[in-house]
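For reference, the structure is listed below as structure tokens.
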Amino acid sequence: MKIDIVTLFPAMLAGPLGESILGRAQAKGLVEIRVADLREWAEGRHRVTDDYPFGGGGGMVLKPEPLFRCVEALRRPGARVILLDPQGRAFGQEVAAELARAEHLILLCGRYEGVDERVREHLVDDEISIGDYVLTGGELPALVVTDAVVRLLPGALGDEAAPGKDSFGRGLLEGPHYTRPEEFRAWRVPEVLLSGDHARVARWRRAQSLWRTWRRRPDLLETAELTPEEQKLIEEFRQGKKPDA
Ligand code: SAM
């Protein structure tokens with residue numbers, strides 16, 4: 001997979017892209033991530049990338065020419081050009097999984113008041129928002145999308161940390177985790193996790209995951225595919241029963 005990120009502030013991306021799972025996925029050859037400096041695609045001595053909005057009003061707007069020039073140079077057949085934009089479709093685990101199947105993503109980071117509308121209308125295939133709030137630029141959203149997508153690529157995480165087990169992997173929240181010490185300030189790790197009984201541990205984890213989802217995000221239960229055993233547990237929660245501690 002290839003990911004190109006087009007930005008006016010390349011230095012904002014270098015650190016996060018080089019660390020941890022993102023850095024290792026590139027070292028393993030699972031993904032090639034490149035950062036394009038939009039200014040290099042602007043013309044003239046001053047390489048101007050933004051201008052005043054027609055019709056007046058505050059703030060600057062990213063000009064169309066550098067963005068078109070840059071994307072047209074980067075784009076290969078099959079590439080998906082995505083504008084990070086608070087007005088885009090909501091990003092979530094399903095969108096991340098959809099993007100993880102693409103061969104080439106080109107992520108455009110807006111700035112200031114955003115991009116000239118002709119970019120939205122004629123250059124991009126998709127617009128993605130990471131939430132209902134406005135950030136100063138598309139760099140952090142591009143990192144969020146890149147991180148969520150890359151960790152889904154086969155081989156990016158170790159087997160033990162398969163992304164399907166994480167929250168939202170099966171449409172549910174994941175249950176709690178504990179590590180050593182067994183007792184910390186008189187708070188003990190649940191006994192079942194020390195039992196060595198794998199089937200019991202698996203049952204406990206399933207029940208905890210359902211309980212968390214039921215308590216924190218009951219909306220997820222409306223669409224999650226539950227086994228008959230899981231449906232029975234939810235019914236018990238409805239009747240006031242709690243999962244075993
Ligand atoms: N004037 C725009 C509006 O009201 O819709 C907001 C522009 S924002 C200050 C500048 C840039 O930050 C956007 O072009 C976009 O690339 C990025 N951005 C801000 N919030 C975002 C969000 N929630 N999701 C994705 N991108 C975002």
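Just so you know, ligand 1 is whichever comes first in the structure, and atom 1 is the first atom listed for that ligand. Worth saying up front: this structure is predicted, and the values here are computed from it rather than measured. Keep in mind that the numbers below use all heavy atoms, side chains included, and drop hydrogens, waters and symmetry copies. This chain uses plain numbering: 1 for the first residue, then up along the sequence.
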Report the part of Ile128 (side chain from C-beta onward, or backbone N, CA, C, O) that has a heavy atom under 4.0 Å from ligand 1; answer both or neither where that applies.
-> backbone
Under-4.0 Å heavy-atom contact with ligand 1, by part of Val115 that carries it | neither
Do the charged groups of [X] and [Y] touch, with an N to O distance under 4.0 Å?
X	Y	answer
Arg170	Glu225	no
Glu103	Arg76	no
Arg120	Glu117	yes

Enumerate the atoms of ligand 1 whose separation from the nearest heavy atom of [X] is less than 4.0 angstrom.
X	result
Leu84	15 (C), 16 (O), 25 (C), 26 (N)
Gly138	12 (O), 16 (O), 17 (C)
Glu113	1 (N), 2 (C), 7 (C)
Gln87	3 (C), 5 (O)
Gly114	14 (O)
Gly131	23 (N)
Val134	6 (C), 8 (S), 9 (C), 20 (N)
Ser129	23 (N), 24 (N), 25 (C)

Could you check [atom] against the protein and tell me its nearest heavy-atom contact, residue, atom and distance included?
atom	value
atom 26 (N) of ligand 1	Asp85 N, 3.3 Å
atom 18 (N) of ligand 1	Pro86 CD, 3.7 Å
atom 24 (N) of ligand 1	Ile130 N, 3.1 Å
atom 7 (C) of ligand 1	Tyr112 O, 3.5 Å

Might you work through the side-chain contact (heavy atoms from CB on, under 4.5 Å) test for Leu108 and Leu123, ending with a clear yes or no?
-> CA-CA 10 Å; Leu108 305 185; Leu123 185 64; 4.2 Å; yes
Identified side chain to side chain contact (heavy atoms under 4.5 Å, CB included) partner of Arg34 from the options Leu17, Ile3, Asp4 = Asp4
Is the side chain of Arg47 donor-acceptor paired with the backbone N or O of Glu40 at a distance under 3.5 Å, no angle test?
-> yes
Are the side chains of Ile5 and Glu139 in touch, meaning some heavy atoms are under 4.5 Å apart?
-> no
Side chains of Arg151 and Asp166 in contact at under 4.5 Å (non-hydrogen atoms) = yes
Can you find an N or O of [X] that's nearer than 3.5 Å to an N or O of ligand 1?
X	answer
Tyr133	yes
Leu135	yes
Gly110	yes
Pro141	no

CG/Asp219: more than 12 non-hydrogen atoms of other groups inside 6.0 Å | yes
For Val201, which fellow cluster members are found when Ile, Leu, Val, Met, Phe, Trp and Tyr are connected by side-chain heavy-atom distances below 4.5 angstrom, either directly or through intermediates?
-> Tyr178, Val189, Val192, Leu193, Leu194, Trp204
With Pro64, which residues qualify under side chain to side chain contact (heavy atoms under 4.5 Å, CB included), at least two apart?
-> Phe68, Asp116, Arg118, Val119
